[in-house]
Amino acid sequence: MQELFRAIHVGDQEKIRKEAIKETEKLHKNAATISQYNLATMEIVSGFFKFCANNSMDFNEISGN
């Protein structure tokens with residue numbers, strides 16, 4: 001997630017896309033059950049929300065509301 005957050009902070013759209021794809025692939029590969037998938041998804045959203053708060057970014061604006 002740190003590489004994705006770094007790309008978002010810098011604003012490199014291509015790097016953001018690549019890192020988001022990597023994180024999505026990791027999620028699909030490692031979540032064996034729906035419960036694991038849901039938990040991992042909540043952790044990603046939580047991490048993204050914290051990143052936005054720590055960097056004075058609007059979570060709703062970035063996430064598309």
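The chain is numbered in sequence order, starting from 1. As the structure is a computational prediction, the values presented were derived from the model and not from experiment.
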Short side-chain to backbone donor-acceptor contact, Ser46 and Met42, under 3.5 Å = no

query = Measuring from Glu3:CD to Ile16:CD1, what's the distance to the nearest 0.5 Å?
reply = 12.5 Å

remark   = Closest heavy-atom pair, Gln36 versus Ala31, reported as atoms and distance to 0.1 Å, is OE1-C, 3.7 Å

inquiry  = Could you tell me if the side chain of Leu27 sits less than 4.5 Å from the side chain of Glu23, heavy atoms only?
reply    = no

remark   = Correct closest heavy-atom pair for Asp58 and Asn60 would be OD1-N, 3.1 Å

note = Hits for side-chain contact (heavy atoms from CB on, under 4.5 Å) against Phe49, two or more places apart or cross-chain, chain-then-number order -> Phe59

inquiry  = Using a 3.5 Å distance criterion without hydrogens, assess whether the side chain of Asp12 forms a donor-acceptor pair with backbone atoms of Glu14.
reply    = yes

query = Would Tyr37 and Met1 show up in the same hydrophobic cluster when neighbours are defined by side-chain heavy atoms closer than 4.5 Å?
reply = yes

Any residue meeting side-chain hydrogen bond (donor to acceptor under 3.5 Å, both in side chains) with Lys22, in chain and number order, not counting sequence neighbours = Glu19

query = Do the rings of His9 and Phe51 sit parallel, tilted or perpendicular, given the 30° and 60° boundaries?
reply = perpendicular

task = Report yes if the side chains of Leu4 and Phe48 come closer than 4.5 Å at any heavy-atom pair, otherwise no.
result = no

